[in-house]
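Start at 1 and go down the list; that is how both ligands and their atoms are numbered. All of these numbers come straight from a predicted model, not from anything done at the bench.
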Amino acid sequence: MTNEKHNGGLIQIKTREDVCPSKALDLKTVREKIDAATAHDQREKTGPQYWRSLEELAGSQEFQEALHREFPNGASEWLDIVSRRGFLKVMGASLGLAGMTGCVKLPLEPIVPYVRQPEGVIPGRPMYYATAVTLGGYANPVLVESHLGRPTKIEGNDLHPASMGGTDIFTQAAILGLYDPDRSQSVMSLGDQHSYAGFLSAIRGPLAAQKPLQGAGIRILTTTISSPTLAEQMRNLLKVYPQAKWHVYEPVNRDNALEGAKMAFGQPVETRYDFSKADVIVSLDADFLYGGFPGNTKYIRDFAKRRDPDSGNMNRLYVIESTPSATGAKADHRLGLPASEIEQFAHKMMSILETGDEQKIQVDLVSHRGASIVLAGDHQPPVVHALAHALNAQYGNVGKTVFYTDPVDANPVNQTESLKELVADINAGKVDLLIILGGNPVYDAPADLNFGDVLKSNKVPLRVHYGLYNDETAELCHWHVNGTHELESWGDARAYDGTVSIIQPLIAPLYNAKSPLEFVAMLAGQADASGYDLVRAYWQKQHSGGDFEQFWRKSLHDGWIEGTAFQPKSVTAKASATAAETKTADSNAIELNIRRDPTIYDGQFSNNGWLQELPKPLNKLTWDNVIQIGPKMAERMQIVSKDILELELNGKKIQGAAWIQAGHPDNSVSITLGYGRTRAGRVGTGQGFNAYELRTSANPWIASGVQIRKTGGWYELASTQGMQSMETPNGDTRPLVRETSLEKYKKNPQFAHEEEPEIPRDVTLYPDYHYEKEPYAWGMEIDLNKCVGCNNCIVACQSENNIAVVGHEQTLLGRHMHWIRVDVYYEGDRDNPRAFFQPVPCMQCENAPCEVVCPVAATSHSTEGLNDMVYNRCVGTRYCQNNCPYKVRRFNFLLFSDWDTQQYKMMRNPDVSVRSRGVMEKCTYCVQRINERRIDVETQSVRESKDIRIGDELQTACQQSCPAEAIIFGNLNDPNSKVSKLKVQARNYSLLGELNTRPRTTYLAEVKNPNPELKS
Ligand code: SF4
């Protein structure tokens, strides 16, 4: 089979045998090996206990090849012209081919000093501003680092009560979104560029014509809005045009949660949780420990604080889920169930049970009355949410760990119904002027609404699209008005708890765009209103007292407005809510789960290279979505990973590559949204397949009766799961992840050091160095118990250190550039394995194997214990990479960094060099941050004539972004530093410590807290 295009860009690459003559994954072997590895009788036990992929477990030739050579066959050359073109596309706008002919010349550009330096700006010293970026309407509070007026890095706002300093991957990647050269740069009309003034004169007439009709022909479609200012503007606009209608839709919405609340309480309340007080947590398909779940950064922090096995109050997490998730991986007990059976499970939990696993969970909940949480995932139907509310009431959690508040959404309608109503009005010829304010419904509306065809039918005489991209929806509108990014506009938004953040711009709009506030003001007749005036005026009205200026400055400074968090509401549960009959699903029908994508979300981040190349938490896939299928079902249907499958549902068909996911429930498959875009931009267009084609308004998340066929084609997926393996090629297993149960830990706190060989510290060729004589000895501790695999550290590191994106083809060759990776290991039954996350940056070994083999001393040791990299010495022999047992060194095989695109130049951290072709790079413990802080304390020391040292306030980028506080960095020579205190814990162990590399980064072993009454 030759290359062929399929829905949204999936390319069938010949047959498996043509491309990969090695042995394919053999599920029978996998099962036998797992049986052997997990045998109860120790004498029968063979094979690895912990494994990263089913390929590894099966010992496939593909995996063995990768193990023998870190970069598999073909990695050394770049002969495929198609791959080369694909790579250039990924790098953004510049196709100048600078340096592509072999010899790289660095750009020479004049630098210009300030003639008059603005007050408060010190060249070389960044400023930080508090603001927020939103996702699904919810504000994520942030601090943005700005260098001479250029925002370069996002950090969490540790003063904000709803964030406590953490962020998620989407927030971290917002910087790349700001500078995306594919953002819409001008007003467009029918394919031609226009001015904003031209648009104003075009819309003035139609708006005036609606005045006598009271706006009966106007429809405004927005995404979820939590901005108090924008919500008031919309309400005022509806006063001017009382017959106009405001519709709301976004594909990843909270319809089910709000309908569940209405079912339970008769009103659409928002549910808030306090995980710091929860001893027992039961998740009904809720991935609350991952980005995209409202409040996740605060929830992760509170959850992780309760994972300390020495605290005496470790929490316990039960996860019942339909698609394997990062939250499921952290569970103390995980049960995989088809999505439709979770309702039955919740009903069972409501009844009085005498036996069974559910009864044991009930006992656990009863014994932690008032200190537990039951929560449901947004894709579960309303009845499951109502059941979760009832269970929280039953176990006394309301008012203690579970709170109800007003909704954060300013217009909390059922969004799917709202869009249906809009489509009905358009089809009925009732709409004269349609304004789409953000969102991309032509791409992401339910397939049965045929939103694209509805627009094409020309039943709406004037269609206007406002947004960041000239996307699929903009293409079908008469006018497209380019919008501002949140980092370049004024606004406000509510966090999950209702706290309002003022959104302040870090930079003037790059493309002369209008903000949503300015656009809606224009519709109301105030074409010249500025976003700043609008937000200020709104809060001036809200603020009583004469100290507005002080209030305003404090709110801007802190990043939030005091007293705006919603107060808990008292609501009464209706007994009838949970009496609803449990639906009996057709047990033979195969179920289809449609989920938001862990890295691309609903498609709004498709053109973000950082997120496209970010390995997904459990399968480490990049650049594609897949059809996830459980091992049992795959074996029955003779399907192997990478086979192209056809899914058919209600007469609609899509094709995608299969991925056998350990732990996926039988008789169901999962696909994710966000791929198969046709107008995403140069990075996102054509990646993966479009799952929206199977999504209907009746069954947006769970559909029954999907048919699966093998097409005979095969598609190469770029998963980093088998890459950078630290196992030995001869099959010996190494104790990489170390874990035990709380019960066993109490009996044997030294468990992490069992079977650890005696390390001959003195038998070494490395010279001994007395680091204790230096003021600083830098080190890091990573707590495996706290890490939830959210991937935030990877994106934060990429942003801080100007790390390049390499594209799908180069990732396939193992050339991705991330300086920190988050490995996932599985253990046990392939159908329900336990999983463990392990972040791996450079270990900064004291006896560094990389240093002794470098012929030009490009990598060498600092007196403070850093394994430094001198880029301009590196001649690219890669000996160091070959000698690194941790596989953390990354080599620029090609000119991966885009040197020409103007926007990317503005984005880069000026304190970190941008690496060129032929250079090795790796984690430096953010040496630029260390040095900046060193200058500060040394200056202060001189000024105050005393010896001041750097303390725990210095944070690496990965540490700062980690919502779980799983990464702690600091000075090992200070016995009172946080890191020193962690290093002396019994759980502390060195990864591959038996090699006597003396790594400065070490780990706290994982301790799970299973219910002793439950077997698994
Ligand atoms: S260490 Fe990284 S992956 Fe783990 S919780 Fe922290 S940020 Fe997330």
Colleague: So, Gln960 side chain and Gly156 main chain: donor-acceptor pair closer than 3.5 Å or not?
Modeller: yes

Colleague: So, 2.8 Å as the limit: is an N/O/S atom of Cys787 located closer than that to atom 6 (Fe) of ligand 1?
Modeller: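 No, outside the cut-off.
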
Colleague: Using the benzene-type ring in the case of Trp, are the ring centres of Phe275 and Tyr299 under 6.0 Å apart?
Modeller: yes

Colleague: Ligand 1 versus Ile300, non-hydrogen atoms closer than 4.0 Å: side chain, backbone, both, neither?
Modeller: neither

Colleague: Would you give the length of the straight line joining atom CZ of Arg929 to atom OG1 of Thr924, rounded to the nearest 0.5 angstrom?
Modeller: 10.5 Å

Colleague: Is ligand 1 less than 4.0 angstrom away from at least one heavy atom of Pro839?
Modeller: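 Yes; Pro839 lies near enough to ligand 1 that a heavy-atom distance drops under 4.0 Å.
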
Colleague: Please determine if atom 8 (Fe) of ligand 1 has an N/O/S atom from Cys790 lying under 2.8 Å away.
Modeller: yes

Colleague: Measure the spacing between CD of Gln628 and OG of Ser641 and express it to the nearest 0.5 Å.
Modeller: 10.0 Å

Colleague: Please report which non-hydrogen protein atom sits nearest to atom 2 (Fe) of ligand 1, along with the residue it belongs to and the distance in Å to one decimal place.
Modeller: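 For atom 2 (Fe) of ligand 1, the nearest protein heavy atom is Cys793 SG, 2.3 Å.
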
Colleague: Salt-bridged, Arg596 to Asp602, with N to O below 4.0 Å?
Modeller: no

Colleague: With a cut-off of 4.0 Å, which atoms of ligand 1 are near a heavy atom of Gly789?
Modeller: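 In order of number, 3 (S), 4 (Fe).
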
Colleague: Quick check with a 6.0 Å cut-off and a 45 degree axis cone: is Lys922 positioned over the face of Phe891's six-membered ring?
Modeller: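 So Lys922 doesn't make the cation-pi contact.
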
Colleague: With heavy atoms of Asn791 as the reference, note each atom of ligand 1 found under 4.0 Å away.
Modeller: 3 (S), 8 (Fe)

Colleague: Considering Val788, Ile794, Ile820, Leu784 one by one, which has a heavy atom nearer to atom 5 (S) of ligand 1 than any of the others?
Modeller: Val788

Colleague: For ligand 1, which atoms sit closer than 4.0 Å to a heavy atom of Ile967?
Modeller: 1 (S)

Colleague: Go through Lys616 and Asp597 one step at a time and tell me if the salt bridge (Lys or Arg N to Asp or Glu O under 4.0 Å) criterion holds.
Modeller: CA-CA 9 Å; Lys616 299 184 201 296; Asp597 190 81; 2.7 Å; yes

Colleague: Counting non-hydrogen protein atoms only, what is the nearest one to atom 6 (Fe) of ligand 1? Give residue, atom name and distance.
Modeller: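 In this structure, atom 6 (Fe) of ligand 1 has Cys962 SG, 2.3 Å as its nearest protein heavy atom.
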
